[in-house]
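Below is one structure; the comments refer to it alone.
Chain A is the first sequence line, chain B the second, and so forth, proteins listed ahead of strands; every chain is numbered from 1.
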Amino acid sequence: MKLLRDTWLVFQRQVLIMIRTPVWIAVGILQPLCYLLLFAPLLKSALATSGAHSYADAYRIYVPGLLSALALMGGLFTGFALLGELRAGIVERSRVTPVSRVALLLGRALREVVALLIQALLVTLLALPFGLTVRPLYLLLAFLLLGLTALMASSVSYGLALLVGGDAALGPVVNTIAQPLALLSGTLLPLALAPHWLRTAADWNPCYWAVEGMRALFAGDAGAPAVWRALALMAGLTALAVAWSARLFARRIR
Amino acid sequence: MIVTQGLRKSFATRGGRGTPVDAVRGIDLTVGPGEIFGVLGPNGAGKTTTLRMLATLVRPDGGEAVVAGADLRAEPATVRRRIGYVAQGGGTADAVTAREELVLQARMYGIGKAEAVARAGEAMEAFGLGEFGDRPCGTYSGGQRRRVDLALGVIHRPRLLFLDEPTVGLDPPSRAQVWEQIRRLRADGMTVLVSTHYLEEADGLCDRIGIVDHGRVVAEGTPEQLKKEIAGDAVGLVLRPGDRPRAEEVLRPLEWVSGVETAGGDGADDGNEGDGQPPELRLYVDDAPSALPQLLRVLQAAGVDPVLVQLRRPSLDDVFLARTGRPLDQD
Ligand SMILES: Nc1ncnc2c1ncn2[C@@H]1O[C@H](COP(=O)(O)OP(=O)(O)OP(=O)(O)O)[C@@H](O)[C@H]1O
Ligand SMILES: [Mg+2]
């Protein structure tokens, strides 16, 4: 099938470029590690009110949030890479070929998803010695949720990059979207600590449900309504985001 | 190979405020198979926009075009399969090698993996990329990069190739190399459309050219035809003071001489005062080398002895000047 083949082609290329940029990889690994090793210890006391009485408890609440934040933020900021490629004429070179337009988007977004999942796996593994426990099947579901979040976020980011058109403009736009979205999702601190109005606002944020779903999975509660709600919401949202962005990709000409 | 009629494109300025930019106002061109056709025009004339429209990258606002046998509006996918396009700025990723780029480009045209690898190898050979083609593209010189761009543009063996300013910024030897490659492609049966703002490129490389200014074609033909339209060769006579009326009197009736007029002495057109040089009598003849002896005989018989005879074949710059009222080279 042409779409799959083309997506694979674009994906391979993107992975190759990523591998050839070691700095990028170093940053990608160091950043989450910092959060994990330097920030998490603070949380044990902070999370005591949420029922965290040990490091294991703190990590069980904190790690799923951190992973969600990584997927969301990492995805939302990937538009800058696309802008670079647009400027270098790389996208235009693909666009004169009969290659599938959706593949140009999907191949790039999937590279982002895979990179983020590798980061996530690394964080999870490193948290294990601190007492984090999670069932493999649940972890798989959690990673599915993460993958959807990353795919959604990077599609949105590509779309924004195409709409906005320049580094100078994309930065503020992405920040304005990412900050409230992350805060209203309770990625770093659970919103259980928040006042009522904040929780009501969060109810309307699909990313909040994604994070709640992640926490339920890490808590070993796969039956919680938050899990299926998160999966359904994210699947729908991702489909919308990909469709929107792919349409822009096919139309926007730069 | 290409027929266009009234191709138009205007770009909305950002935010929709202000007047839109009319990048291309109506392009009519005919490019025959096997030609190297040049689109010559100054910066901002609309060359890139025209090429991008013909290469399906920009949707025209109006007009019709048939490109490589397919209708541009109705069958862009067919057009895309039959053409190659090399953008003004190229389009290689710094971190990968030319060989990897060539394989990817072939694969994007739907070519199988083994075949793509084979073609990349052939292209490396044909375009002389062997020395550097396995190094990352980010390390290439301008000329090397251009050769890679060219190889990428034809990896799928299109019938028609669009090259947007293929030699801009190259030193003369690199430019000559690129010209050589373009001629070789034509010899293989490819039709090539190049855009350029270099007179020598239009003149020396192209079989036919279209001169574009402010988004319109102001002249189209072979470089020779266009220059001929300027009424043959230009001869400038610098005369002794007082000789001019007598010279004009004998020259005007001659039917092989046209356009006898006074011009500034610096070789510019009339009206432009020369910088201190004596004014000259400018006239046009069909073929200066054969007309010159005759001309001198006529003048001598009339007792006029020119101080200086300047001979200049009209250049495409003269053509551009005649059609637009300003010179092309205004850098
Ligand atoms: N995407 C765009 N948005 C707005 N204006 C544009 C866009 N592309 C081109 N233009 C404008 O259209 C006009 C024609 O541009 P074009 O790039 O076709 O010129 P060109 O002949 O290729 O020039 P050059 O020799 O400098 O490459 C210019 O005034 C340019 O500013
Ligand atoms: Mg241009």
Query - Derivation of the side chain to side chain contact (heavy atoms under 4.5 Å, CB included) call for A/V96 and B/L57 - result: CA-CA 7 Å; A/V96 280; B/L57 288 170; 3.7 Å; yes
Query raised in the report: Where on A/I90 is there a heavy atom nearer than 4.5 Å to chain B: the side chain, the backbone, both, or neither?
Result: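 Backbone plus side chain of A/I90, per the 4.5 Å heavy-atom cut-off to chain B.
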**Report entry** Side chain, backbone, both or neither of A/S100 within contact of chain B (heavy atoms, under 4.5 Å)
**Finding:**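 Contact with chain B: none, neither part.
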Query raised in the report: For A/K2, does the NZ atom have more than 12 heavy-atom neighbours from other residues, nucleotides or ligands under 6.0 Å away?
Result: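 For A/K2, atom NZ is crowded (more than 12 foreign heavy atoms under 6.0 Å).
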Query raised in the report: Take atom CD in B/Q5; do more than 12 heavy atoms of anything else shown fall under 6.0 Å from it?
Result: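 Incorrect, the count does not exceed 12.
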With rounding to the nearest 0.5 angstrom, report the [atom1] to [atom2] distance, [X] to [Y].
X      : Y      : atom1 : atom2 : value
A/L104 : B/M108 : CG    : CE    : 7.5 Å
A/T97  : B/I155 : OG1   : CD1   : 13.0 Å
B/R107 : A/Q12  : CZ    : CD    : 7.0 Å

Leading residue by heavy atom contact count with chain A [cutoff under 4.5 Å; candidates [options]]:
options                      : result
B/A55, B/G84, B/A93, B/G153  : B/A93
B/Q88, B/Q105, B/R81, B/H156 : B/Q105
B/D149, B/V79, B/L152, B/V96 : B/V96

Query raised in the report: Checking heavy atoms, do the side chain of B/A77, its backbone, both or neither come under 4.5 Å from chain A?
Result: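 No part of it gets close to chain A.
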Report task. Sort B/I83 into side chain, backbone, both or neither according to what part of it lies under 4.5 angstrom from a heavy atom of chain A. Result ->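 Interface part for B/I83: neither.
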Query - Pair B/E101 + A/R93, salt bridge at N-O below 4.0 Å - result: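 Yes, charged N to carboxylate O under 4.0 Å.
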Query raised in the report: Do A/R95 and B/R80 pass the side chain to side chain contact (heavy atoms under 4.5 Å, CB included) test, and can you show the C-alpha distance, the side-chain angles, and the key distance before you say yes or no?
Result: CA-CA 9 Å; A/R95 287 186 53 243; B/R80 225 169 268 147; over 6 Å; no
